[in-house]
Protein chains: 2
Amino acid sequence: MPRPSQRDRILDAYTDLVVTSGPETVTLDAVASAAGVSKGGLLYHFGSREALLEGLLDRCRTLTDADLAAARAAPEGIARYYLRTSIDDPAAGSAVYRTTVAMIKLSTTEPRAAEVTRRCMAGWRTALAEELGDALAADLVAALGDGIYLRAIVGQSSAELGAAAEELLRRAAPRPPE
Amino acid sequence: MPRPSQRDRILDAYTDLVVTSGPETVTLDAVASAAGVSKGGLLYHFGSREALLEGLLDRCRTLTDADLAAARAAPEGIARYYLRTSIDDPAAGSAVYRTTVAMIKLSTTEPRAAEVTRRCMAGWRTALAEELGDALAADLVAALGDGIYLRAIVGQSSAELGAAAEELLRRAAPRPPE
DNA sequence: GTCTATACGCGGATAGAC
DNA sequence: GTCTATCCGCGTATAGAC
């Protein structure tokens with residue numbers, strides 16, 4: 001599996017449109033023109049709308065795995081890494097973040113996207129439980145992160161939640177912020 | 001404004017289909033047949049797809065206001081009432097709950113739905129802050145509730161979160177469960 | 001590989017009968 | 001009020017040129 005740049009550009013455009021306009025309103029035409037190709041060109045790389053979704057699903061799995069690995073290696077610890085990176089901006093976030101938001105939006109319509117999203121959430125829940133030891137604390141941190149994502153979905157900022165998150169971490173996470 | 005039973009049945013069917021299949025995949029045909037009327041019949045009551053959405057938005061506002069009033073009057077307190085009723089089943093929940101889940105799903109596509117959802121969330125946030133006094137605690141409880149709804153959106157149960165919620169409430173909410 | 005042109009089906013909305 | 005019949009536009013996918 002090489003890395004065809006054109007495929008990536010198409011997936012980028014698809015992600016953007018899902019995040020900004022929501023799923024199902026995104027037509028192949030819109031994705032194609034946003035990616036700078038024609039509809040025919042798009043359908044050469046992804047044979048159908050279904051294949052396009054499948055491509056994004058794969059990318060989400062890959063990016064989340066990498067993000068989990070980065071969290072485990074982070075000096076601040078998994079919990080702080082998770083909550084910090086969850087408070088982001090859909091318009092200008094990291095690749096993982098934007099892909100995750102797109103995934104959640106797609107989950108409202110596509111069962112396969114929902115399945116992948118659940119799997120990703122479960123991955124974080126496991127990692128958090130490993131670090132925090134306490135299952136209850138892990139549940140709380142995971143749920144707080146989920147709440148932050150829901151706000152992103154409905155277009156509400158989560159900036160004010162930073163303080164609440166730090167308060168929760170002070171009680172749950174052993175490691176200091178620095 | 002009387003209460004025409006037929007309108008309500010149509011809105012019920014619309015809500016059900018959004019919850020189960022997601023927005024935008026729900027056609028007027030599907031809503032009509034689920035409600036036991038023809039497409040023409042539906043379009044007599046709601047002149048357009050937009051009007052149908054507007055009807056659900058109104059209903060959401062009404063139901064949420066009533067639910068907030070019920071929470072303020074509940075002996076267990078607002079925080080416990082909120083978290084308890086948030087842990088529900090999309091397939092067989094209360095009217096408010098199902099409407100809220102539908103609203104969030106619609107938020108991924110319809111800006112007006114997102115606006116109403118934000119307003120409802122803000123209402124709960126305010127009520128929680130009133131009761132708990134502490135703004136940080138109110139943020140945490142509100143975010144936990146949001147996280148529970150996100151799980152419902154991606155089709156994941158939140159039953160295991162009951163214990164974590166109770167733990168959080170024991171610290172944040174003054175009143176005992178009984 | 002990427003494009004244009006086209007076939008095909010579906011969903012929303014209107015007209016008008018009952 | 002509720003139905004059937006129909007028009008119209010849009011979105012997916014295919015065929016085939018370059």
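Sequence lines set the chain letters: A, B, ... in the order given, protein chains first and strands last, and positions in each chain run from 1.
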Is it true that A:Arg119 and A:Asp65 have a side-chain N and a carboxylate O under 4.0 angstrom from each other?
-> no
Between C:dG12 atom C1' and B:Tyr14 atom OH, what is the distance in whole Å?
-> 13 Å
Roughly, in whole Å, what's the span from CD in A:Gln6 to C1' in C:dC3?
-> 13 Å
Do B:Lys39 side-chain and C:dG12 base share a donor-acceptor contact under 3.5 Å?
-> yes
Touch check for A:Ser38, heavy atoms < 4.0 angstrom, all strands: base, sugar-phosphate only, or nothing?
-> base
Is a side-chain donor or acceptor of B:Glu131 paired with a backbone partner of B:Ile78 at a separation under 3.5 angstrom?
-> yes
Charged N-O contact under 4.0 Å between A:Glu115 and A:Arg118 = no
Closest-nucleotide 5' rank along DNA chain D - winner of A:Val26 and B:Gly41 = B:Gly41
Looking across every strand, which nucleic acid part, if any, lies under 4.0 Å from A:Leu43 by heavy atom: base, sugar-phosphate, or nothing?
-> base
Nearest-nucleotide pick for A:Ser48, side chain only, options being C:dT2, C:dA13, D:dA13 = D:dA13
In whole angstroms, how far is the P atom of C:dT2 from the OH atom of A:Tyr44?
-> 7 Å
Quick one: do B:Arg112 and B:Glu50 make a salt bridge, cutoff under 4.0 Å?
-> yes
Would you mind reading off the distance between A:Arg49 atom CZ and D:dT14 atom P, rounded to a whole angstrom?
-> 15 Å
Between P of D:dG1 and CZ of B:Arg9, the distance in whole Å | 16 Å
Nearest whole angstrom, please: distance from the C1' of C:dC3 to the CD1 of A:Ile10.
-> 13 Å
Once you round it to whole Å, what is the distance between P of D:dT4 and CG of B:Asp29?
-> 11 Å
Between C:dC3 (P) and A:Leu42 (CG): distance, integer Å = 10 Å
